[in-house]
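Residue numbers start at 1 and run along the sequence shown. In this text the structure is predicted, and so the values were computed from the model without any measurement.
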Amino acid sequence: MTRLAAFCRALPKVELHVHLLGAIRLETLAELAARQGAGYTPEGVADLARRDAKPTGVLHILRALEQRILRGPDDLHRITYEYLADAAAQGVRHAEIFWNPTGTARDSAIPYAIGADAILAGFDDARHDHGISALLIPSIDREATPEDAVEMVGWMAAYRRDRIIGLGIDYRETDGPPEAFWKAYRDARRAGFRLTAHAGEFGCHWRNVETALDLLGVERIDHGYTVLDNPELTRRCADRGIVFTVVPTNSYYLRTLSPERWALDHPIRHMPAAGLRIHPNTDDPPLHRVDPQRCWSMMVEEFGFGLNELRGFMLNGIDAAFLPEADKPGLRATFTAEFDRLRAAMDTDT
């Protein structure tokens, strides 16, 4: 392991942008698929998650999980616990995890309350065994209907739990603009949930970022890369201190930019220079063939940021987390002290 990799592994960090089903270990995916006779061998699963020069997205794997592989709350518990154990081993102290209850209920036949309880039990077990905390963000499947989204928020409001903290929206933005789901966001806001949204992810128009902020009322943006296409909106986001949870392994830019220009032209490289606050995340870690250490190492090796900039990204994550505000000064002090100790050791070893 290189010195940078060891530094990024030990770096105290939060994870704010990770999808529960996309966090499944590949060996667990293969095991569960074989159990159901879903037709996936371990080699086939590895092929599905291949990250070559032009990687495909992971939606087909997530749909296969919902429709053919998941068969009960124990599966959700296992995926949750294994992800948190793996993340904790790489310096993640707190994670906020997206979960799409619509597909789980419709296709996997796991009712919302039962699925939520299984995931929260996974949180408890991981906290006990590995010292990592977690919050759950049920998310709208934007390939379902806006009415399905309203129904899902109704489940959230009827089954309140402290660690079910907010509402998100994901899946293919190209087919589900944020304005279609304004009623679900209105209901979630009235019910007191925190709000975030995937927007500006697949090269979609910058207005999706604007709509998420101004119509849906979100507090942070997941991805958000096309905000740079509108300088005025970029300045407004910078002035408001909006944090963008970015993903270095995002498939869209790996597919659409040439290998020679990929890291040079990627919006992540240019967002901080425009005054935007960013925080790197793994998204679907095993499916993206990434882990927290590599995610943070890529910020240096691919996008050219220095260690001092990693310090700022680390603190952005604390500020953007949906944790109680009273907890954040202590976390900032702890994370900063640990970062500075690790950085001093790096300088000493040079």
Side-chain angles (χ1 to χ4, degrees), residues 16-22 57-60 62-63 66-67 96-108 112 115 136-159 164-230 232-234 236-237 240 242-247 250-252 267 283-284 322:
L16 303 181
H17 185 155
V18 62
H19 300 272
L20 179 64
L21 297 189
V58 300
L59 181 59
H60 57 301
L62 306 185
R63 292 302 190 200
E66 291 172 339
Q67 295 169 4
E96 300 185 358
I97 300 174
F98 297 118
W99 168 49
N100 296 94
T102 297
T104 306
R106 177 191 59 210
D107 299 323
S108 309
Y112 175 84
L136 185 61
I137 303 177
S139 297
I140 294 167
D141 179 347
R142 67 202 320 157
E143 295 186 348
T145 69
E147 291 74 27
D148 289 327
V150 170
E151 179 184 40
M152 190 197 84
V153 173
W155 298 340
M156 294 168 62
Y159 195 72
I164 302 178
I165 195 66
L167 177 69
I169 183 171
D170 50 33
Y171 285 143
R172 288 196 304 174
E173 182 186 357
T174 49
D175 299 322
E179 59 267 23
F181 302 94
W182 69 270
K183 287 184 181 179
Y185 272 85
R186 177 202 62 190
D187 292 352
R189 183 170 56 252
R190 289 176 176 175
F193 289 105
R194 309 294 295 269
L195 304 176
T196 186
H198 284 49
E201 178 181 2
F202 297 104
C204 296
H205 199 281
W206 56 260
R207 76 172 63 91
N208 283 6
V209 177
E210 182 182 61
T211 299
L213 291 168
D214 294 345
L215 179 61
L216 305 187
V218 303
E219 303 164 65
R220 68 187 189 218
I221 294 286
D222 306 307
H223 295 290
Y225 312 115
T226 53
V227 67
L228 293 176
D229 295 340
N230 184 322
E232 180 191 4
L233 180 61
T234 298
R236 187 152 65 91
C237 290
R240 287 181 56 183
I242 298 294
V243 173
F244 291 76
T245 64
V246 298
V247 176
N250 174 267
S251 295
Y252 175 78
D283 205 358
D284 303 287
F322 290 160

**Item:** Check: Ile242 and Ile221 side chains under 4.5 Å, non-hydrogen atoms
**Value:** yes

**Request:** Could you tell me which non-hydrogen atom of Leu62 sits nearest to which non-hydrogen atom of Gly22, and how far apart they are?
**Result:** CD2-N, 3.5 Å

**Request:** Locate the shortest heavy-atom distance separating Glu201 from Tyr225; write the atom from each residue and the value.
**Result:** O-CD1, 3.9 Å

**Complete:** ring-ring contact (aromatic ring centres under 6.0 Å, His included) pairs touching residues 196-222, sequence neighbours excluded, are His17-His198, His19-His198, Phe98-His198, His198-His223

**Prompt:** Any ion pair linking Glu151 and Arg106 (charged N to carboxylate O, less than 4.0 Å)?
**Reply:** no

**Prompt:** Does Ser139 reach the main-chain N or O of Ile137 with its side chain, forming a donor-acceptor pair under 3.5 Å?
**Reply:** yes

**Message:** For Arg220, is there an ion pair with Glu96 - N to carboxylate O distance below 4.0 angstrom?
**Reply:** yes

**Message:** Donor-acceptor check, side chain of Glu66 to backbone of Ser108, threshold 3.5 angstrom: yes or no?
**Reply:** no

**Min side-chain heavy-atom separation Pro138-Trp155 under 4.5 Å** = no

**Atom pair CD1 (Ile164) and CG (Leu136), whose distance is rounded to the nearest 0.5 Å** = 5.5 Å

**Asked** What are the two closest non-hydrogen atoms of Trp99 and Thr104, and how far apart are they?
**Response** NE1-OG1, 3.0 Å

**Item:** Residue pair Ala188 / Val153: nearest heavy atoms and the distance that separates them
**Value:** N-CG1, 3.7 Å

Below 3.5 Å, can you tabulate the donor-acceptor pairs from side chains in residues 208-215 to any protein atom, sequence neighbours excluded?
residue, atom, partner, partner atom, Å
Asn208, ND2, Glu173, OE2, 2.7
Thr211, OG1, Arg207, O, 2.8
Asp214, OD1, Arg236, NH1, 3.1
Asp214, OD2, Arg236, NH2, 2.9

**Asked** Does the side chain of Leu167 come within less than 4.5 Å of Phe181's, by heavy atoms?
**Response** no

**Asked** Can you tell me how far the CG atom of Leu228 sits from the OG1 atom of Thr234, to the nearest 0.5 Å?
**Response** 5.0 Å

**Request:** Without swapping roles, check the side chain of Asn100 against the backbone of Thr102 for a donor-acceptor pair under 3.5 Å.
**Result:** no

**Selection residues 176-191 - residue pairs positive for side chain to side chain donor-acceptor pair (under 3.5 Å), sequence neighbours left out** = none

**Fill in**
Shortest non-hydrogen pair, Gly200 vs Thr226, comes out as CA-OG1, 3.3 Å

